[in-house]
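Here the structure is laid out as structure tokens; the discussion comes afterwards.
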Amino acid sequence: MAVELCLLLLLFCGSTISEVQPIYKPPPGTLDFGFVPSKTYDTGAYHEPGSIGILFKIVHAFLYLVQPNSFPQDLIRKVAQQQLGKTQGDYQKPENVVLTLQAIYYEIGFIVSAALGLLFILLLPLVGLCFCMCRCCDNCGGEMHQRQKKNADCQRSCFATFLFVASLIISVGVLCAYAANQHLTNQVRGAKKLVNSNFKDLKIFLNDTPAQIDYLVSQYNTAKDKALSDLNNVGPVLGTRVQEQLGKEVRPALDAALTMAGAIRETKEALENVSVSVEVLQEGTERLHANLTDVKTHLSNTLNDSACNAAQAASTCNIIRNSLSQLNINANFSGLPGVSSQLAKVNDVLKIDLSSLVQKGYAAFNDTPDLVVNQTRNILSAVPYIKSVLESIGSNITTFTKALPVQKILDDLMVYLTQSEAYVQDYFPLVEQYDFYRWLGCLILCCMVVLILVFYYLGLLCGTCGYDKHASPTTRGCISNTGGNFLMAGVGFSFLFSWVLMTVVVLTFVTGGNVEKLVCEPFEDKNLFKVLDTPYLLNQQWKNYLAGILFKNPNVNLTFEKVYSDCKENKGIYTSLHLEYLFNINEFLNISMYTEDVALKIEHIQINLSKIILLDEIGKENLLNFSSSGIDGIDFSAYLTEINKSVTKVDLLSFANDLEARADQLPKGALENALKGHANSIRMIHNQQVVPLEQAMKYVKARSTLNQSIRLLKKTSSELMVKVKNVISAVNAAQFLINNNASQVIVQETKKYMDTIVGYFEQYTEWVKESIAMEVAACKPIANVIDTAVDIFLCSYITDSVNTFWFGLGGSSMFLIPAIIFAVKLSKYYRRMDTEDVYDDVETIPMKTTENGNNGYHKEHLYGIHNPVFTSSVEQW
């Protein structure tokens, strides 16, 4: 039904497939429906960690070394499907044993690292206990005696350097751990703003949807008004279209006829120019010919004189007599055929104004829209009915829109969203409180390491500053002895705290590392969604879990990955969730139901254009008369030949100079003077007649005009009969089209016009489809919520910070072992010993003093006596 079609079309008619369909553009133009009103979402679901991001990348690289395997999609699917642990016997099944081995293989890096951490936790306190007991028995460095060695200074320097380097590395580690701890706290404190931004975007998403739907509904008037406007102007619009279609044949034919009319006028002008130019040139050349003939006659008479018979003059006179034939004109325009007969025939043709006849044809053809207007008045009587139908459709659209429970659904969602926001706001202080406890606990762990470092640094400082290389081990200063005690205190606290630190490191390493590898990385490359989209995984009865939840139809191809990707691209919720399965309006998209009346009215248009006469028989006869005017019989080559000739056969100046030179060869006398007189006459003819014929504007213009006119006539006359017949044939064909085939053209254009009217509504429906698919209820906030929860909160805030914390703390804990060794070794060189080696002299080895029973070393503080051997040696020096 028409009403139902437009109703559902406007509200939820987006494309019934998730892909956006191209907008239909009906001829001749596209309607402008404007832009669907929408607000900009504030949340930018992207976290930039800042400078600490370098540490995050280092930790990611370390985790890749520990766990280089790709995300185990198949393993996770099988584990979830097998549902290990249902019964005790399930673990013994071969397939479950294989899955267990596969899981162990995948986790081998974490398992080995955790095993090493557990060994550290178990062995280091035990080693510390044994070490303490050993020292209490004066073993393991507990004996307050130091043997003197030649390389003692080198060993002390090396131990101090190694301990300092180990302490620096531990310091870097604890700083990384502290930075990660502080970073997590800072992000938790700033998370409230991000949470509020997400809730704000969700509210915009819910609040804007009704307004967007109302906008789509209101734009129905754009299509309706345009359709009514075209119906009100059906005559001019349809007439213009018919005229444009027929004009493809008619206008070129009339243009050709009009061009031929212009050619007739140009031919007349060219013929007149030929006649006038030939007369001017004939006048000049005839006078020149007469003068040259006179000079030649007089010169011939002179050469017949008896003086030329003399032996000295005979040869010269013969040469001059032989050249007399050159004294003649070259271009003879008098012998050219006339064009008066052709001009007379063209003048007879021009008695009929062909241009006026062609203009009448133009005017008649341009009246086509008026003819169509007069013959389509019956359609205008149907416009009020069509208008009432379209108005009723618009009112029904509004009624149906209000009847749909869209607003109720949005209100319920808004209530739920408000409650969720209130819940988050209420519990956020509790989250901050627990985060404070976490921060304090991590700070205490860092302080444990810092305490050890303080003892090491103080020991190095006091030992290095207070050490006196001239003092004996038993006489070392108080500052040096204090430095050694600090080092041993650091060793003691290292044994006490190391297992606690490593326990925290192992727990956070296993947890944070696996979250990074099994959640964060697969979420970033969408492999996590592929696992969730595995058929029958989350529900053994449902192929597609999300479709089963939303539509109660698990066979619908709706996946988590597709929904997330569509929302990430800010597509409409209708497209993202495939809501066509809830609101299937494709069955109602049959616009022919409500356009049937319009189509029937338009299809019954009857238009007669036989009154249009493009060119009558008089005009055609006039064209034929022009083609038989005889201009094609003009000898154009004769004209062009004479035009291109020079005025005389020889250059008169050269001839006169040559004649005068030959006269000089003759004996002095009357013959010489006569010939020179003739030479001067020839020069005078050249200057007075030849030069004007070559340079005077009158003759130059006449020659140029004659040249142009002859060439124009030659071009016009070329296949003149064929050209005229082609023009008449084109006019007859156009006239035949109007008289006999115009009805077919009118039917075609009427069909196109009907398509245009119907196309407005089709264009409107396609626009609504695209708007619903891409703009109405754009679900970017939903993707932002997922990104905020997983990518930002879980991965960027928590997991990266926790991983960096155990990375720094674990590195510090591992370097406590070499620090303990170097500190114990170095403390021997700083602490004051109870005994020392005794020497007979500086170069001897220790002697055995059996009286005290101490194997060659002495406890002066016990006996209160001086060393007699050492004293005697000094006295001898």
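The residues of the chain are indexed from 1 along the displayed sequence. Here the structure is a predicted model, which means the values were calculated and not measured.
Side-chain N or O atoms of Ser827 include one that pairs as donor or acceptor with a backbone N or O of Val824 at under 3.5 Å. Remark: side-chain polar atoms of Lys825 are not paired, donor with acceptor, to backbone N or O of Phe159 under 3.5 angstrom. Panel note: side chain Ser113, backbone Gly109; a donor-acceptor pair is recorded below 3.5 Å. Under the 3.5 Å distance criterion, the side-chain polar atoms of Asn198 are matched with a main-chain donor or acceptor of Leu194. Panel note: side chain Ser796, backbone Asp791; a donor-acceptor pair is recorded below 3.5 Å. Between the side chain of Thr799 and the backbone N or O of Glu516 there is no donor-acceptor pair closer than 3.5 Å. Looking at Thr534, its side chain does come within 3.5 Å of a backbone N or O of Val531 through a donor-acceptor pair. Of the possible polar contacts, none joining the Asn544 side chain to the Leu546 backbone as a donor-acceptor pair under 3.5 Å is found.
Other residues, nucleotides and ligands contribute over 12 non-hydrogen atoms within 6.0 Å of the CG atom of Leu65. In the displayed structure, Leu175 atom CG is contacted under 6.0 Å by more than 12 heavy atoms of other residues, nucleotides or ligands. Crowding of Gln73 atom CD: a count of heavy atoms from other residues, nucleotides or ligands under 6.0 Å exceeding 12. In this structure, Lys200 places its NZ atom where only 12 or fewer heavy-atom neighbours from other residues, nucleotides or ligands lie under 6.0 Å away. Counting non-hydrogen atoms of neighbouring residues, nucleotides and ligands closer than 6.0 angstrom, the CH2 atom of Trp499 reaches no more than 12 such neighbours.
Contact check for Glu107 versus Asn514: side-chain heavy atoms found under the 4.5 Å cut-off. By the 4.5 Å heavy-atom criterion applied to side chains, Asp787 and Lys568 are counted as neighbours. In this structure, Leu445 and Val449 have side chains that are not in contact, with every pair of non-hydrogen atoms separated by 4.5 Å or more. Using a 4.5 Å cut-off on side-chain heavy atoms (C-beta onward), Ser420 and Val424 make no contact. At a threshold of 4.5 Å between non-hydrogen side-chain atoms, the residues Leu528 and Glu521 do not count as touching. A 4.5 Å side-chain heavy-atom check between Ile58 and Phe807 finds at least one atom pair inside the cut-off. The shortest distance between side-chain heavy atoms of Val195 and Lys192 does not fall below 4.5 Å. Inter-residue side-chain proximity for Tyr564 and Lys526 is flagged as met; some heavy-atom pair is nearer than 4.5 Å.
Expressed to the nearest 0.5 Å, how far CG of Leu461 lies from CD1 of Ile479 amounts to 9.5 Å. In this structure, the separation between CD on Gln182 and SG on Cys442 is 11.0 Å, given to the nearest 0.5 Å. Rounding to the nearest 0.5 Å places CG of Asn196 at 8.5 Å from CZ of Phe428. Taken from SG in Cys447 to CG in Leu453, the straight-line distance is 11.0 Å, to the nearest 0.5 Å. From Ile54, atom CD1 reaches atom OG1 of Thr804 across 12.0 Å, with rounding to the nearest 0.5 Å. Here CD1 of Ile821 is found 11.5 Å from OG of Ser494. Values are rounded to the nearest 0.5 Å.
Between Val500 and Leu496 the shortest heavy-atom distance is CG2-O, 4.3 Å. Closest heavy-atom contact between Ala177 and Leu809: CB-N, 3.9 Å. When every heavy atom of Ala819 is checked against every heavy atom of Leu163, the shortest pair comes out as O-CD1, 3.5 Å. Closest heavy-atom contact between Ala823 and Tyr456: CB-CE2, 3.6 Å. The two residues Cys446 and Val174 make their nearest non-hydrogen contact at O-CG2, 3.6 Å. Shortest non-hydrogen contact noted between Cys176 and Leu55 is SG-CD2, 3.7 Å.
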Could you give me the CA-CA distance, side-chain angles and deciding distance for Gln102 and Tyr106, then say whether side chain to side chain donor-acceptor pair (under 3.5 Å) is met?
CA-CA 6 Å; Gln102 290 178 347; Tyr106 175 78; over 6 Å; no
Check step by step if side chain to side chain contact (heavy atoms under 4.5 Å, CB included) holds for Thr100 and Ile104.
CA-CA 6 Å; Thr100 303; Ile104 292 174; 4.1 Å; yes
When you look at Asn181 and Ser801, which way does the side chain to side chain contact (heavy atoms under 4.5 Å, CB included) test go after all the steps?
CA-CA 7 Å; Asn181 183 40; Ser801 299; over 6 Å; no
Let's go through Phe497 and Leu451 carefully: what are the C-alpha distance in whole Å and the side-chain angles of both, what is the deciding distance for side chain to side chain contact (heavy atoms under 4.5 Å, CB included) to 0.1 Å, and is it a yes or a no?
CA-CA 10 Å; Phe497 296 155; Leu451 179 61; 3.8 Å; yes
Verify side chain to side chain donor-acceptor pair (under 3.5 Å) between Asp800 and His60, making sure each step is shown before the conclusion.
CA-CA 9 Å; Asp800 283 344; His60 291 165; 3.0 Å; yes
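Relative orientation of the Phe110 and Phe509 rings is tilted, given thresholds of 30° and 60° on the angle between their planes. Ring-plane geometry between Phe560 and Tyr545 is classed as parallel, the angle between the planes falling under 30 degrees on a 0 to 90 degree scale with a further cut at 60. Ring planes of Phe793 and Tyr797: tilted class, angle from 30 to 60°.
Side-chain contact, Tyr437 with Gln433: a donor N or O sits under 3.5 Å from an acceptor N or O. In the model, Tyr64 has no side-chain atom that pairs as donor or acceptor with a side-chain atom of Asn69 under 3.5 Å. Ser171 and Tyr457 share a side-chain donor-acceptor pair at under 3.5 Å.
Partner of Phe822 under the ring pair (Phe, Tyr, Trp, His ring centres under 6.0 Å) criterion, out of Phe815, Phe164, Phe162: Phe162 alone. The ring pair (Phe, Tyr, Trp, His ring centres under 6.0 Å) with His183 is formed by just one residue from the set Phe56, Tyr178, Trp439; it is Phe56. Partner Ser498 forms a side-chain contact (heavy atoms from CB on, under 4.5 Å) with one of Val127, Leu124, Thr503 and no other, that one being Leu124.
Sorted by first and then second residue, the salt bridge (charged side-chain N to carboxylate O under 4.0 Å, His left out) pairs involving residues 427-455 (not counting sequence neighbours) are Asp435-Arg438.
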